[in-house]
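Below, read A as the first sequence line, B as the second, and so on, with proteins coming before strands; counting in each chain starts at 1.
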Amino acid sequence: MNAPTYNFAYLDEQTKRMIRRAILKAIAIPGYQVPFASREMPMPYGWGTGGVQVTAAILGPQDVLKVIDQGSDDTTNAISIRKFFAKTAGVETTTSTDAATVIQTRHRIPEAPLRAGQVLVYQVPIPEPLRFLEPRETETRRMHALAEYGLMHVKLYEDIARFGHIATSYAYPVKVNARYVMDPSPTPKFDNPKMDNCPALQLFGAGREKRIYAIPPYTSVVSLDFEDHPFTRYKFDAPCALCGAEDSYLDEIVTDDKGSRMFVCSDTDYCEGRQAAGHRGVESAAPHKEAVHG
Amino acid sequence: MAETTMAEMTGASDQPLLVAEGLTKSYGRLAACRDVSFVLYPGEVLAIVGESGSGKSTLLQMLSAQLAPSGGRVSYRMRDGELRDLAQLGEAERRFLFRTDWGYVHQDPAQGLRMAVSAGANVGERLMAVGWNNYGRIRQTASSWLERVEIDTARIDDAPRTYSGGMRQRLQIARNLVTEPRLVFMDEPTGGLDVSVQARLLDLMRSLVNELGLAAIVVTHDLAVARLLSHRVMVMKEGRVIETGLTDQVLDDPREPYTQLLVSSILPP
Ligand SMILES: Nc1ncnc2c1ncn2[C@@H]1O[C@H](COP(=O)(O)OP(=O)(O)OP(=O)(O)O)[C@@H](O)[C@H]1O
Ligand SMILES: [Mg+2]
Ligand SMILES: [Zn+2]
């Protein structure tokens with residue numbers, strides 16, 4: 001059987017150059033959505049074709065790639081993308097945040113601090129934070145151009161009016177470099193503070209919507225709020241049932257068919273690392289609810 | 001934001017707020033608006049009347065910088081006292097003017113409101129747009145404006161799509177007035193409302209305009225609206241202003257046959 005001949009990382013060099021130009025522009029204008037000619041990828045849109053194209057454009061033979069989906073290295077989506085690049089680029093892959101040079105992610109930022117030289121690539125379904133209240137693309141573009149962001153606060157106002165607090169907990173809007181309002185996309189707001197002044201380069205790719213945006217290393221990223229309803233990262237009431245971590249983002253998992261549940265780190269690499277280092281949780285179901293931090 | 005007091009009004013009223021010079025708009029061979037010139041002073045309410053198709057809305061859109069004239073120009077006295085040609089304003093300045101110093105009340109409230117967000121957020125939006133960042137204060141201000149336009153404050157969290165036509169129109173007014181504009185444009189503000197609802201809205205508009213010392217340009221084909229709200233009337237026909245003067249004079253003693261026709265057909269003796 002003949003192995004199909006791919007260009008390195010699947011995309012042809014011209015396409016990669018085009019995507020790199022968009023990435024460079026995105027880095028030069030932090031938080032600004034740069035249009036790009038998104039290509040068809042051999043996977044459906046919901047699988048993060050925007051992120052995959054960004055990864056393909058920046059990957060070099062020496063890179064070590066990690067792919068996570070909801071914090072886990074082991075979902076079908078994460079495994080497929082990892083295999084895709086192992087096959088088309090022949091790069092080394094890893095599940096270790098520390099060992100990776102490029103991390104493609106959907107929904108989470110790893111718990112382990114990122115360092116300079118690493119690149120975090122986000123898969124983005126809806127890049128436009130103003131879309132919720134202003135469906136007209138011409139109008140949202142003008143609002144960004146003129147930094148007219150009152151509408152973002154209208155959304156937060158509605159939250160407080162309805163729920164008594166800012167209930168938005170995913171895709172919580174941020175202002176990048178004191179200029180552009182950006183949608184971090186489906187990451188939980190728990191991760192927002194990690195984007196601020198981060199030593200790693202953060203790139204966002206939206207395939208269906210054909211947009212790329214970026215947060216260069218060490219850039220200010222501020223979550224929008226009101227002075228009397230400040231942004232809060234939530235904290236879980238109980239530590240991780242497996243590793244005892246008290247500062248990580250937890251997922252609820254069902255452990256048997258009688259409905260027993262427990263709460264464990266969503267970042268599987270982080271959790272396994274802690275367990276390997278001897279940390280232990282109670283391995284029992286723990287109720288959780290959102291509580292306000294400090 | 002400066003409150004317009006009577007003293008300021010009288011002090012400033014020798015200085016025009018808005019100046020229109022030779023405004024013309026053509027659509028191909030059709031001249032929708034021809035050579036319209038006038039001056040509006042602070043606190044003055046001008047009604048533009050005329051039959052359907054006479055160019056009222058076209059004129060209003062040019063005056064409010066939403067439509068570029070084919071000829072002529074509009075100048076506006078900014079809050080810093082400088083008279084500026086609207087065509088020379090940058091887009092950011094123009095939009096800022098539009099959501100701070102001006103109001104625009106549409107005939108169809110769905111065009112002037114966000115129908116899916118709460119009344120409180122509809123009123124608060126302009127405040128948030130100019131940087132208000134305290135939820136409690138925004139809500140408090142929105143609530144007091146709802147009271148001023150006679151909307152039950154218990155409805156503050158309801159979306160205007162659950163409101164009646166008259167309530168929507170009053171909400172639109174509150175949404176516009178919250179930044180204390182000096183000039184409000186209105187295009188058929190009472191159109192499509194029941195007569196009794198119209199009367200209440202007109203009463204409210206009249207007292208707000210008086211209290212706030214607002215200048216307003218009101219387009220209407222209803223001479224009763226002009227009579228109740230305006231100090232001055234401009235009568236339009238086929239894109240031209242054919243008669244203009246103090247409201248009572250024009251409506252009680254019209255000179256032009258066309259105006260006489262308008263007055264007799266709409267205001268029965
Ligand atoms: N965008 C346009 N393209 C072509 N013609 C237009 C356009 N807008 C308005 N017109 C024409 O210009 C004339 C004036 O229209 P305008 O809407 O200003 O009248 P109006 O006095 O507001 O009428 P109404 O009372 O029915 O609202 C009409 O003949 C109209 O058909
Ligand atoms: Mg009209
Ligand atoms: Zn854990």
Side-chain angles (χ1 to χ4, degrees), chain A residues 29 32 126 128-169 171-175 178-181 189 192 220-232 292, chain B residues 1 65-66 89-102 110-143 145-146 151 153-162 171 174-176 178-179:
Chain A
I29 317 170
Y32 173 74
I126 300 168
E128 180 48 72
L130 296 161
R131 179 72 44 86
F132 172 80
L133 287 165
E134 181 51 74
R136 290 169 299 174
E137 172 82 22
T138 48
E139 187 62 14
T140 55
R141 236 184 270 174
R142 196 169 294 141
M143 288 168 156
H144 282 296
L146 300 173
E148 284 179 3
Y149 289 128
L151 210 49
M152 286 316 315
H153 275 90
V154 168
K155 184 173 187 291
L156 301 179
Y157 174 102
E158 287 293 83
D159 263 12
I160 303 172
R162 214 173 308 158
F163 306 107
H165 63 277
I166 299 176
T168 301
S169 56
Y172 190 108
V174 293
K175 191 172 246 186
R179 175 58 181 85
Y180 284 96
V181 166
K189 69 173 181 179
N192 275 20
S220 101
V221 177
V222 176
S223 301
L224 301 183
D225 60 6
F226 288 103
E227 60 190 23
D228 50 346
H229 286 267
F231 172 83
T232 53
V292 169
Chain B
M1 249 149 268
Q66 297 181 92
L89 293 184
E91 189 180 22
E93 277 181 304
R94 201 153 54 225
R95 285 170 68 101
F96 186 74
L97 195 61
F98 214 92
R99 52 167 205 261
T100 53
D101 212 24
W102 287 359
Q111 274 186 269
L113 294 172
R114 293 192 189 280
M115 296 304 278
V117 313
S118 70
N122 264 287
V123 178
E125 180 173 347
R126 275 175 165 234
L127 300 174
M128 294 183 252
V130 295
W132 283 41
N133 192 238
N134 185 296
Y135 174 82
R137 275 183 58 216
I138 294 164
R139 193 172 173 80
Q140 177 53 47
T141 306
S143 164
W145 268 102
L146 291 186
I151 292 173
T153 53
R155 302 290 305 272
I156 190 168
D157 292 330
D158 297 344
R161 60 173 168 224
T162 69
L171 180 62
R175 171 178 162 88
N176 274 282
V178 68
T179 51

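- Interface residue B:D157: only side-chain heavy atoms are found under 4.5 Å from chain A.
- A donor-acceptor pair is defined here as one N or O able to donate and one able to accept, closer than 3.5 Å; such a pair exists between the side chain of B:N133 and the backbone of A:E227.
- For A:L133, the parts sitting under 4.5 Å from any heavy atom of chain B are the backbone and the side chain alike.
- Using a 4.5 Å heavy-atom threshold, the side chains of A:H153 and B:Y135 count as separate.
- Side-chain contact check for B:M128 versus A:F226: some heavy-atom pair is nearer than 4.5 Å.
- Only the side chain of A:H229 comes within contact range of chain B, with heavy atoms under 4.5 Å apart.
- Counting heavy atoms of neighbouring residues, nucleotides and ligands inside a 6.0 Å radius, atom CZ of A:R131 exceeds 12 of them.
- The parts of A:I160 that come within reach of chain B are both its backbone and its side chain, each placing non-hydrogen atoms under 4.5 angstrom from that chain.
- Around atom CZ of B:F96, no more than 12 heavy atoms belonging to other residues, nucleotides or ligands sit under 6.0 Å away.
- In terms of heavy-atom pairs under 4.5 Å with chain A, the best-connected choice from B:R137, B:E91, B:R126, B:R95 is B:R95.
- For B:R99, the part lying under 4.5 angstrom from a heavy atom of chain A is the side chain only.
- The backbone N or O of B:S118 lies less than 3.5 Å from a partner atom in the side chain of A:E158, making a donor-acceptor pair.
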